[in-house]
Amino acid sequence: LGEVPPCINSTAQMNWLNRGDVRKALHIPDMLPPWDICSDDVGGNYTTQYQTMKDVYLKLLSMGLRALVYNGDTDMACNFLGDQWFVEDLGIKATTKYQSWIHDDQIAGFYQQYGNITFLTVKGAGHMVPQWAPGPAFHMFQSFITNGPY
Amino acid sequence: QYVPDETTHLPGMMFKPNYRQWSGYLRAGPGRFLHYWFVTSQSDPLKDPLVLWLNGGPGCSSLDGFLSENGPFHVNDNGATLYENKFSWNKIANVLYLESPAGVGYSYSDDLNYKTNDNQVAADNYAALQSFFNKFPNFTQNEFFIFGESYGGIYAPTLSLLVATGPAKFNFKGFAVGNGISSFALNDQTLIYFGYYHGLFGEDLWHDLNKNCCEKGTCNFYNSTSEDCKELVYEAFDTVYESGLNAYALYLDCEGHSRFHRGYERTMTHLFKNYRKPQQSHKFLNRGPSSVS
C-alpha cells in the first residue's frame, strides 16, 4: 500500500538489485533508473476504480474457479476482519465450520470454506505472510494449489 | 523456453540452484514493458502448477515478494550475497514474478507516462501474460493460479476475470489474495474494531466513537457525515498508522524507513479515503505529534 511500505527495511534488496553485474545478469537495460521497492510515479498517479471486489469474486466463483483469501492476523493495513467480513458478505453458504488448522503440531490459524472460496488466517503473521510465517505459508500454499485439506 | 532471457549466473549466489530461471521483459501494451523473473519448480516443472505472484502498492514491486517473501533465495543484510529460502514456493510450483504496472521496479514505459488505473493494470497484466506464454509455450498446459498481496487484492481478481473470460486459453484454476484490499469500506470499518479489541484505544475514545458514529446499534466508521465522528475516526487512524506502531505487523518493531517518510504518509492514503486530517486534529489528541521517533 503506497510508495514506501511502513517499517519495512528493503535496503539489502535494493543494494543487490542495483549492482551493475546483477542488472546485467537480469538483462535490465542500462537506461533504466535504479530499482526501488515502490514507485512514487505510479503510486502518486494511480486511480482506484473499484471500491469493492464483491461482483468480480461472484463472477469468478460462478465459473467454478477456486479462491483463497488469507490474512496474517496482526496486520493493520489490510486487517483479517475486513477480509473475513468480505467473504461472509458474498452470501455463499458455508460448507465447513470455522476451525483451526495445524502446522508442525501447532495451531497455525483458522479457516472456513464457503464452497469454492476459503477464508484463512495465519496466526501471528503480519502483512507479508510468506516473510513472517514461511512454514505455515508454504503449507497453506501447497494445500490450496493441490486442492488438499488445510 | 526463451533462451535469451535465461539467467545462468547471479552475483552473490554461493549455491547451485536446482531449477532454471529467466529474467527479461514482457510486452504489456504499446511501448509498455513489464520486467518478469520466472523460476521453474524444484520438483517437476512440466507437471507442477504455474503461479503468477503480484505484490500491491499500488506501485510496489513483486521482487519484494521474490527476495523477501516466497522466492527461492533472499538477500543477506550485506546486500551482496544470497541465501536459499527453504520454504520457497517454487519447491512445488513454477513461479512467475511480474513487476506491475509499468514504472514499478525495472518495468517501464517508453513515454515515461505512469498514470494508470485498476482496469488498465488488469489489461496490461493480461497482455503481459500472453507475452509470457509466447516465450514459454510449454507452460500453457500447466494448471495456472494467480496470487496477489495487499493492493494485489484488486490486481488478482480483475486479472483473473480477464483470464477466465478472455480469448487466450490458459489452464486457469483459481486465484488467491493475501492480506488484500477487497473492500475499502469493510477494511476501514473493521480496523476500528481491530484497534479497540487489540487494546490500541482507551475507553474514552471507544465511548466517543460509539456515541458519535453509531445509531441504534449500527456503526459507520467508514463514511459518516458527522464531523465529530470523522475526527474521532481520524484519531483512531492516527494511533494505528502514525503513533509508532508497525502497521504491517502489530507485534513487530518498526524498522527501516522512518514512519514520517513522505511516502509513508501517502502509504496510507488508500485507506480511510473519506477522512482527511481535520484542521484541529489535535482537538481530540490533546497532544502534539507523536514524539516516538
Side-chain angles (χ1 to χ4, degrees), chain A residues 1-4 6-9 12-13 15-16 21-22 25-28 32 35 37-39 41-43 45-47 49-53 56-57 60 63 65-72 74-79 81-83 85-86 126-131 134-135 138 141-142 144-145, chain B residues 7 10-11 23-24 49 57-61 64 67-70 75 77 79 87 89 92 103-106 114-115 117-118 145 150 154 157 160-161 164 174-179 181-184 186-187 190-191 194 240 246-251 254-257 259 261 263-264 266-267 270:
Chain A
L1 284 171
E3 302 63 50
V4 178
C7 308
I8 296 293
N9 188 348
Q13 293 90 333
N15 290 341
W16 185 75
D21 51 1
V22 170
L26 295 177
H27 314 116
I28 307 299
L32 288 184
W35 185 92
I37 186 168
C38 297
S39 158
D41 284 343
V42 173
N45 297 291
Y46 192 92
T47 303
Q49 293 170 305
Y50 296 88
Q51 289 308 305
T52 174
M53 284 283 105
V56 178
Y57 271 70
L60 289 164
M63 296 177 200
L65 293 165
R66 279 195 283 121
L68 166 66
V69 175
Y70 68 89
N71 284 75
T74 69
D75 176 29
M76 299 192 285
C78 298
N79 73 85
L81 210 46
D83 285 319
W85 288 13
F86 171 80
H127 193 69
M128 288 91 167
V129 166
Q131 179 172 348
F138 182 82
F141 174 68
Q142 183 161 38
F144 175 62
I145 63 172
Chain B
T7 297
L10 279 171
S23 165
C60 296
S61 168
D64 185 55
L67 296 171
S68 302
E69 298 187 69
N70 54 30
V75 184
D77 288 350
F87 295 109
W89 287 13
I92 55 173
V104 171
Y106 283 138
Y114 295 132
K115 188 174 175 56
N117 60 57
D118 294 335
F145 296 88
S150 191
I154 304 277
S160 294
L161 200 51
F175 66 100
V177 167
N179 287 80
I181 191 79
S182 306
S183 158
F184 285 98
L186 290 176
N187 197 56
T190 51
L191 185 83
F194 183 102
V240 172
N246 182 337
Y248 275 166
L250 176 55
Y251 303 116
C254 181
E255 58 172 86
H257 280 278
R259 283 174 319 291
H261 181 291
Y264 178 59
R266 205 197 314 236
T267 288
H270 295 287

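Values reported hereafter were calculated over all heavy atoms of this structure, with side chains retained and with hydrogens, waters and symmetry mates removed. Throughout, protein chains are lettered first and strands after them, A, B, ... in sequence-line order, and every chain is numbered starting at 1. All of these numbers come straight from a predicted model, not from anything done at the bench.
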When you measure from the side chain of [X] to the backbone of [Y], do you find a donor-acceptor pair of N or O atoms at a distance under 3.5 Å?
X: N179(B); Y: G72(A); result: yes
X: W16(A); Y: P11(B); result: yes
X: D64(B); Y: E69(B); result: no

Checklist entry - Mind checking whether Y248(B) and H127(A) have parallel, tilted or perpendicular rings, split at 30° and 60°? => result parallel
Counting heavy-atom pairs under 4.5 Å to chain B, which of [options] comes out on top?
options: I28(A), V129(A), L81(A), V69(A); result: I28(A)
options: N15(A), D75(A), L32(A); result: D75(A)
options: G126(A), A25(A), P134(A); result: P134(A)
options: T52(A), D83(A), V56(A), L26(A); result: L26(A)

Checklist entry - Do N246(B) and Y251(B) pass the side chain to side chain contact (heavy atoms under 4.5 Å, CB included) test, and can you show the C-alpha distance, the side-chain angles, and the key distance before you say yes or no? => result CA-CA 8 Å; N246(B) 182 337; Y251(B) 303 116; over 6 Å; no
Item to check | Contact origin within M128(A) toward chain B - heavy atom pairs under 4.5 Å | outcome: both
Item to check | Part of P49(B) within contact of chain A (heavy atom distance under 4.5 Å) | outcome: side chain
Next on the checklist: So for F175(B), is it side chain, backbone, both, or neither that comes closer than 4.5 Å to the heavy atoms of chain A?
Outcome noted: both
Next on the checklist: Does any part of the side chain of Y57(A), heavy atoms only, come nearer than 4.5 Å to the side chain of S182(B), both counted from C-beta?
Outcome noted: yes
Checklist entry - So F144(A) and Y70(A), ring pair (Phe, Tyr, Trp, His ring centres under 6.0 Å) or not? Walk me through it. => result CA-CA 11 Å; F144(A) 175 62; Y70(A) 68 89; 8.9 Å; no
Count the heavy-atom pairs under 4.5 Å between each of [options] and chain A, then report the option with the highest count.
options: L67(B), L250(B), D118(B), L186(B); value: D118(B)
options: N70(B), V75(B), T7(B); value: V75(B)
options: F145(B), F87(B), F194(B), Y106(B); value: Y106(B)

